[in-house]
Amino acid sequence: MKPVSERLLKMLHQRSSRLQDGEPLSPPVVTTAKYRLDPQPGTEFSYGRDANPTVMEVEAAIGALEEAECVAFPSGMASITAALMVCLRQGGRILVPSDGYYTIRLLLEDFLVEMGLDIVTCPTRDYATQDLAGFDLVWIETPSNPGLDVCDIAEICTRAKVAGAKTVVDNTSATPLLQQPLDLGADMVVSSDTKAMSGHSDVLFGHVASRDADLLAKARSWRKLSGAVAGPFEAFLVHRGLMTLDVRLERMCTSAQRLAELFVQSNKLETVRYPGLPADPSFALAQEQMVKPGFVIGLYFANEAMAEAFIANCTMVFPATSFGGVHTSAERRARWGDDVPAGFVRLSVGCEPEAALVAAVREALDGL
Ligand SMILES: Cc1ncc(COP(=O)(O)O)c(C=O)c1O
């Protein structure tokens, strides 16, 4: 894995270094369905569903972080759908985490089972002992959302390869700055760039990245044929957000570590999950395969009432689903049917000044 700073600088400067005098530093938002076209089209710019210069700018920026080619999609779920379409065949067998982002399981169960797919689920912590023989695709999400269990990407990818299975890692909660699944042997990465990558909670976006030219070509083809095309305004917003990804993550991860330590000391919580806490079951693996342990904390209050009271009482916490934005936000995940107790809260730590955030959280805990 190259040092993070090298990939970060490449991402920041890859556009500026190819500009001529008079060209704008920020990428123009190109809104067009049509391009001028010769009778014999020899250009990639023939129609809006094929290619868009603003979308290609954000793909180049994300590609620098992934050290791989990337294909943008209009949401994280659109990128997940593309990865499934690219990696699976009729009657194929897929392993998905039972404790990962729930919508992929719904997509598989509500639509793809009908088409003959065989779906096996397993908790992230049990991936280490799961037999991978007979699978076509092993889906990995680490740290898992919302449970924050971590599995060993390199070890699973090695075993999957021996078993003849492809591996896809949903890297949404880490981003390529905190974890590099492609370096660890994954065939493909998917990401909801709606979260920390764009970072301002004002856009839906996603991408797939791979170093396998064949998988990449299929993902591009899927996008063109299915019409799951990202828009230029959204691409511009994600590009802008990416420019501050590193500084946002720095603040978010530092505050998350500080808050996790505060929560552990509180007698108002039954359990605290954060991969940066030395006593956390995810700590050792997170230290090994992540640059930092992230910005999401799992809080186990005794019951729903206490959890809701904490969210309502904390002046710095915005009650919302989703994570990775500049505003600290929280929600009870059991309301979506995640396999967590009613008192479980997923806290996404934002970019507020650390001292103010810590003071607000302490006050909310004291008030319970
Ligand atoms: C881990 C993970 N993957 C994928 C998604 C889906 O992303 P989107 O909402 O951008 O479609 C989410 C959304 O919460 C997520 O948490």
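Quick caveat: nothing in here was measured; it's all calculated off a predicted structure. Numbering of ligands and ligand atoms starts at 1, following listing order. Residue numbers count from 1 along this sequence.
- Of all heavy-atom pairs spanning Ser191 and Ser79, the tightest one is O-OG, 3.5 Å.
- With a 4.0 Å heavy-atom cut-off, ligand 1 is reached by the side chain of Ile80 but not by its N, CA, C or O.
- Taking the charged nitrogens against the carboxylate oxygens, Arg332 and Glu308 do have a contact shorter than 4.0 Å, which makes a salt bridge.
- For atom 7 (O) of ligand 1, the closest heavy atom belonging to the protein is Ser192 OG, 3.0 Å.
- One finds no salt bridge joining Glu250 and Arg248 here, because no Lys/Arg side-chain nitrogen approaches an Asp/Glu carboxylate oxygen to under 4.0 Å.
- For CD of Glu363, the number of neighbouring non-hydrogen atoms (other residues, nucleotides, ligands) closer than 6.0 Å is 12 at most.
- Shown in contact with Asp170 at under 4.0 Å from a heavy atom are these atoms of ligand 1, numbered in order with element: 1 (C), 2 (C), 3 (N), 4 (C).
- A salt bridge is defined here as a Lys NZ or Arg NE, NH1 or NH2 lying under 4.0 Å from an Asp or Glu carboxylate O, and Arg18 with Glu57 meets this definition.
- In terms of N/O distances under 3.5 Å, ligand 1 is not approached by Phe323.
- Between Glu141 and ligand 1, a contact under 3.5 Å exists for no N or O pair.
- In summary, Glu66 and Arg211 do not engage in a salt bridge, as defined by a charged side-chain N under 4.0 Å from a carboxylate O.
- Salt bridge status for Glu155 with Arg159: present, with a side-chain N to carboxylate O gap under 4.0 Å.
- Remark: ligand 1 atoms within the under-4.0 Å shell around heavy atoms of Ser75 are 10 (O), 11 (O).
- Taking 4.0 Å as the cut-off between side-chain N and carboxylate O, Asp366 and Arg362 do not count as a salt-bridged pair.
- Shown in contact with Thr194 at under 4.0 Å from a heavy atom are these atoms of ligand 1, numbered in order with element: 8 (P), 10 (O).
- Regarding atom 6 (C) of ligand 1, its nearest protein heavy-atom neighbour is Tyr101 CE2, 3.5 Å.
- Those atoms of ligand 1 that come under 4.0 Å of a heavy atom in Gly76, given as number and element, are 7 (O), 8 (P), 10 (O), 11 (O).
- The protein non-hydrogen atom at the shortest distance from atom 11 (O) of ligand 1 is Met77 N, 2.8 Å.
- With respect to atom 9 (O) of ligand 1, the closest heavy atom belonging to the protein is Lys195 NZ, 3.8 Å.
- Heavy-atom proximity to Asn145, at under 4.0 Å, picks out these atoms of ligand 1: 1 (C), 15 (C), 16 (O).
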